[in-house]
Protein chains: 2
Amino acid sequence: MPDPEETFLAEYDPAAFPPVAVTVDVVALTMREGVPVALLIRRGVPPFQGAWALPGGFVHADEDLATAALRELGEETRLPSDVHIEQLGGYGSPTRDPRMRVVSIAYLLLAADLPDPRPGTDAAEAAWVPLRELGFGTGGPTPRPLAFDHAAILADGVERARSKLEYTALATAFLPAEFTMAGLREVYEALWNVPLHAANFHRKVLSVPGFVVDTGRLTAQGGGRGGRRARLYRAGDATSLHPALLRPAGEES
Amino acid sequence: MPDPEETFLAEYDPAAFPPVAVTVDVVALTMREGVPVALLIRRGVPPFQGAWALPGGFVHADEDLATAALRELGEETRLPSDVHIEQLGGYGSPTRDPRMRVVSIAYLLLAADLPDPRPGTDAAEAAWVPLRELGFGTGGPTPRPLAFDHAAILADGVERARSKLEYTALATAFLPAEFTMAGLREVYEALWNVPLHAANFHRKVLSVPGFVVDTGRLTAQGGGRGGRRARLYRAGDATSLHPALLRPAGEES
DNA sequence: TGAATAGTGTCTTTCAGACATTATCTC
DNA sequence: GAGATAATGTCTGAAAGACACTATTCA
């Protein structure tokens with residue numbers, strides 16, 4: 001139970017408390033060549049110099065948290081106009097940053113066709129890294145350690161995305177404006193790391209009102225090794241899926 | 001694109017950025033007399049003096065965020081040992097606090113049988129307020145305005161609880177260690193604000209492995225107006241429900 | 001033509017919702 | 001015994017998973 005006077009002062013003089021910094025970190029995911037990848041930067045400055053980390057940085061004055069997340073990511077790669085962004089949560093362990101008390105608000109960002117990153121101001125390097133190489137998915141090399149608590153944040157972001165595929169239309173955020181049923185299925189299969197039954201997936205997606213809309217057009221070419229031309233769909237109005245597309249029970253990485 | 005030197009300094013001298021305060025706010029929910037209620041305090045100091053608000057306060061040095069949330073709530077009411085607490089997210093609009101930049105990490109806390117609150121150090125009053133009086137559920141009076149952005153935080157907390165009833169065993173967090181099937185159903189009905197079919201609910205709950213465990217004992221007395229004695233259950237090992245208990249489509253408040 | 005891909009039809013099992021029935025208990 | 005509550009059984013329709021089959025297209 002704090003002293004009442006201390007609490008009173010705290011309300012009016014927050015400088016009486018130890019300084020706290022607020023940052024944003026971004027878990028940015030996209031699909032590249034059918035593989036889910038996350039954007040990582042290699043730190044050019046201490047602490048954790050040389051280690052891989054999530055893009056992020058300090059929140060500016062009078063800047064909204066989500067705006068800060070978009071700004072920080074925009075410094076690493078060119079963002080298209082239609083990205084999906086949502087908050088993952090706050091990370092504030094007293095020991096997560098060796099310099100001082102830093103509370104970070106993490107964001108999950110999904111988009112299609114993000115270009116190769118450009119190293120930011122304080123990043124030695126920036127790259128899209130397949131999730132498989134980060135310990136998600138089956139097999140893959142031993143995941144590289146990440147700076148700060150970014151491994152936990154990344155894991156939370158991936159799990160959020162995997163989970164929201166089930167009951168929201170989030171998968172379309174990974175795809176361009178027009179996509180095929182096979183492309184949509186690849187998103188689910190790559191993120192969930194399970195093979196899905198193509199025929200049942202097709203029927204199920206079409207049975208959810210507002211999930212996808214048939215454009216009436218077809219792909220210009222059939223599959224690379226032969227095959228019928230696929231119908232093109234675009235995202236529908238629905239944000240939540242009824243009924244949901246549940247992950248096969250018991251599986252996953 | 002910020003000046004590289006500025007960014008460099010920012011990494012080492014966060015005091016160069018405007019001061020930011022970090023607080024926690026708690027959406028505490030429990031059932032009292034079959035009615036879902038939230039804990040609110042009436043502010044004794046400006047800003048928003050006299051307005052109702054969520055319990056919360058500044059995070060102390062070297063204190064974990066969740067620990068701060070439990071400490072702040074413990075100043076208002078006596079907490080039992082087995083509470084459920086989870087993070088709702090960060091709220092950091094630049095204008096949410098008129099005094100200065102304040103980023104708040106909100107927590108959702110659920111427990112059974114929380115006692116009457118005691119006013120905290122800077123609270124003029126503290127009370128359990130039925131959700132119906134706060135704009136959740138059907139009818140009810142016009143909800144009282146809350147301080148800061150606490151109305152939005154409360155709404156997020158209630159929606160989180162409602163949503164997690166579907167696919168997790170969260171409902172048992174509202175109940176004492178041993179409970180009846182009717183008690184469990186009341187939690188769902190009260191939070192979702194829909195009547196549920198008692199017979200189907202009964203069968204469905206028992207069909208979910210690990211949701212509830214039969215103690216083999218019965219209530220001491222039958223229902224107040226007659227009726228068979230009910231079997232007593234306790235929470236099982238399961239945290240997620242397979243299959244899920246979905247909300248009736250289209251309904252809710 | 002053959003292999004590969006896209007899409008449709010059908011059957012079985014599981015589960016949710018509606019309703020009927022049985023088992024107790026209080027008054 | 002009457003009414004109320006708890007628990008179980010049965011039927012129907014929706015949806016998931018498995019599988020067979022048709023429709024195209026490329027090499």
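It should be emphasised that the depicted structure is a prediction, and the values quoted were computed from it without experimental measurement.
When the side-chain nitrogen and oxygen atoms of Q221(A) are compared with OP1 and OP2 of dT25(D), none of them lie within a distance under 4.0 Å.
Atom C1' of nucleotide dA15(D) and atom CZ of F201(A) are separated by 16 Å, given to the nearest angstrom. Residue L241(A) contributes atom CG, which lies 13 Å from atom P of dA15(D) at whole-angstrom precision. Look at CD on E189(B): it is 14 Å from C1' on dT5(D), rounded to the nearest Å. For the pair H197(A) NE2 and dA20(D) P, the interatomic distance rounds to 10 Å; values are reported in whole Å. Atom CZ of F179(A) and atom P of dA6(C) are 14 Å apart (whole Å). The separation between R185(B) atom CZ and dT5(D) atom P is 10 Å, rounded to whole Å. The nearest whole Å value for the distance from the NE2 atom in H242(A) to the P atom in dA16(D) is 13 Å. The CG-P distance, from L246(B) to dA14(D), rounds to 17 Å in whole Å.
In terms of heavy-atom proximity, T30(B) sits nearest to F174(B) at CA-CD2, 4.0 Å. Here the closest non-hydrogen pair linking T180(B) and A230(B) is CG2-CB, 3.8 Å.
Contact annotation for A244(A): backbone-only contact, meaning every heavy-atom pair under 4.0 Å involves sugar-phosphate atoms and none involves a base. Residue contacts shown for A182(B) are limited to sugar-phosphate atoms, with no base heavy atom under 4.0 Å away. R203(B) comes within 4.0 angstrom of a nucleotide base, judged by non-hydrogen atoms across all strands.
Counting only heavy atoms from C-beta on, A230(A) has its side chain closest to dG7(C) among dG7(C), dA6(D), dA20(C). When distances are taken from the side chain of H202(B) to each of dT8(D), dT10(C), dT8(C), the shortest belongs to dT8(D). Taking only side-chain atoms of R228(B), from C-beta outward, the nucleotide of dT24(C), dG7(C), dC19(D) with the closest atom is dT24(C). Across dC15(C), dA6(C), dA18(D), the shortest atom-to-atom separation from the side chain of P243(B) is found for dC15(C).
Between the side chain of R229(A) and the base of dG7(C) there is no donor-acceptor pair of N/O atoms closer than 3.5 Å.
Open room surrounds CZ on R78(A); 12 or fewer heavy atoms of other groups in view lie less than 6.0 Å from it.
Counting only distance, with no hydrogens or angles, the side chain of E189(A) and the backbone of L196(A) share a donor-acceptor pair below 3.5 Å.
Taking CG of L191(A) as the start and CG of L29(A) as the end, the distance is 7.0 Å to the nearest 0.5 Å.
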